[in-house]
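Chain letters run A, B, ... following the sequence lines, proteins first, then strands; residues in each count from 1. Just so we're clear, the structure is a prediction, and the values are computed from it rather than from any experiment.
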2 protein chains.
Amino acid sequence: MDTFSAIVEPKRRLLLEAMRRQPCTVNTLVEIAGLSQPAVSKHLKILKEANLVVVRPDGQKRWYALNAQPLEEVDHFLEPYRQFLSNKLDRLEQHLNEMDQ
Amino acid sequence: MDTFSAIVEPKRRLLLEAMRRQPCTVNTLVEIAGLSQPAVSKHLKILKEANLVVVRPDGQKRWYALNAQPLEEVDHFLEPYRQFLSNKLDRLEQHLNEMDQ
DNA sequence: GGGATATATAACCATATAGATATATTTCTG
DNA sequence: CAGAAATATATCTATATGGTTATATATCCC
């Protein structure tokens with residue numbers, strides 16, 4: 001599963017958002033997502049295959065934690081489009097580009 | 001069609017990449033994508049619904065041009081994850097955040 | 001050991017998606 | 001006006017996706 005496919009699903013983005021704050025167990029994420037436990041486990045499997053989460057077993061619990069590194073791929077995709085955007089980061093980068101010249 | 005769904009499809013990212021350089025006609029994009037013409041028209045329809053392209057009719061031709069603005073949504077999604085990344089932009093932003101304090 | 005708890009997997013279903021081919025529509029050109 | 005060219009739409013098909021319920025597996029606790 002590639003990064004783009006992994007983050008296109010709104011519930012998975014929600015799960016990532018939750019784990020951004022702190023590692024979570026499956027049951028916690030079930031409550032947050034409002035889905036059945038198997039559905040959440042399925043999403044987590046996809047996130048794990050995309051390397052967006054890492055798991056630490058702890059007895060019968062599993063702590064799922066964010067690994068944001070693959071999101072760099074998305075960031076790199078956006079890169080060449082930033083010149084068409086007008087947000088803060090874009091202006092920052094433009095400034096940097098000007099400095100580079 | 002939301003922005004994420006629009007850009008998850010690799011062929012659509014390829015089409016966006018082509019239009020990033022210059023507006024293109026459908027036939028040109030057919031050659032670039034290596035798909036049937038109806039398939040490309042379908043992708044373009046999706047990109048148009050996502051507001052990622054704009055069309056300018058020109059006789060029997062249609063010039064499709066990039067509109068990168070909706071990509072800001074993706075950029076905003078990435079925003080809170082940047083602190084977990086380690087690329088150039090991230091360091092830039094951290095620098096900015098430090099300045100803000 | 002045995003029941004409760006936490007999670008994963010299997011099986012199934014409905015819907016969405018991406019592609020193809022066939023055809024319609026519009027515009028150009030001789 | 002007639003045929004060619006450019007694009008859009010209709011229809012169909014195969015596969016992927018996201019959800020469910022049922023069940024398996026592993027661990028905790030009395």
Discussion item. Rounded to whole Å, how long is the line connecting atom CG of B:Asn27 with atom C1' of D:dA8?
Written reply: 13 Å
Response to the item:
B/S/- along nucleotides 22-30 of chain C (protein heavy atoms under 4.0 Å) is B----BS--
Discussion item. What's the separation between atom NZ in A:Lys11 and atom CD in A:Glu17, rounded to the nearest 0.5 Å?
Written reply: 12.0 Å
Practice prompt. Check the distance between D:dG18's C1' and A:Leu15's CG and give it to me in whole angstrom.
Written response: 13 Å
Discussion item. In this structure, how many angstroms lie between the P atom of C:dT7 and the CG atom of A:Leu29, rounded?
Written reply: 9 Å
Worksheet item: Quick check: are there more than 12 heavy atoms from other residues, nucleotides or ligands sitting under 6.0 Å from CD of A:Glu49?
Response: yes
Worksheet item: Is it the case that more than 12 heavy atoms not belonging to B:Glu73 sit under 6.0 Å from its CD atom?
Response: yes
Worksheet item: Between B:Thr28 and B:Cys24, what is the shortest heavy-atom contact and its length?
Response: CB-CB, 4.4 Å
Discussion item. Using whole Å, what does the distance between atom C1' of nucleotide D:dA5 and atom CD of B:Glu31 come to?
Written reply: 14 Å
Response to the item:
Rounded to whole Å, CZ of A:Arg56 lies from C1' of C:dT7 at a distance of 16 Å
Discussion item. Which heavy atom of A:Phe84 sits nearest to which heavy atom of B:Ala68, and what is that distance?
Written reply: CB-CB, 3.5 Å
Item to complete: Starting at atom CG of B:Leu47, determine the distance to atom P of D:dT7, rounded to an integer number of angstrom.
Response: 16 Å
Discussion item. So, taking the atom named CE in B:Met1 and the one named CD1 in B:Ile7, what distance separates them when rounded to the nearest 0.5 Å?
Written reply: 12.0 Å
Item to complete: Would you kindly compare A:Met1 and B:Thr28 by the position of their nearest DNA chain D nucleotide and give the one closer to the 5′ end?
Response: B:Thr28
Worksheet item: With respect to the phosphate group of D:dG19, does any side-chain polar atom (N or O) of A:His43 fall under 4.0 Å of OP1 or OP2?
Response: yes
Discussion item. Any side-chain N or O of B:Tyr64 below 4.0 angstrom from OP1/OP2 of D:dA6?
Written reply: no
Practice prompt. Would you mind reading off the distance between B:Lys48 atom NZ and D:dA8 atom P, rounded to a whole angstrom?
Written response: 6 Å
Protein N or O to nucleotides 12-14 of chain D N or O, pairs below 3.5 Å:
none

Worksheet item: Can you check ring pair (Phe, Tyr, Trp, His ring centres under 6.0 Å) on A:Phe4 and B:Phe4, steps first, answer last?
Response: CA-CA 8 Å; A:Phe4 282 95; B:Phe4 282 95; 9.1 Å; no
Worksheet entry | Length of the line joining B:Leu14:CG and C:dA18:C1', which is rounded to integer Å | 15 Å
Worksheet item: Side chains of B:Glu72 and B:His76: does their closest heavy-atom pair fall under 4.5 Å?
Response: yes
Worksheet item: A:Asp75 versus B:Arg82: any side-chain heavy-atom pair under 4.5 Å?
Response: yes
Practice prompt. Would you please confirm or rule out a distance under 4.0 Å between OP1 or OP2 of C:dT7 and any side-chain N or O of A:Ser41?
Written response: no
Discussion item. Under 4.0 Å, heavy atoms only, any strand: does A:Ala39 hit a base, just the sugar-phosphate, or nothing?
Written reply: base
Worksheet item: Can you find a side chain N or O atom of B:Ser36 that sits less than 4.0 Å from OP1 or OP2 on C:dA20?
Response: yes
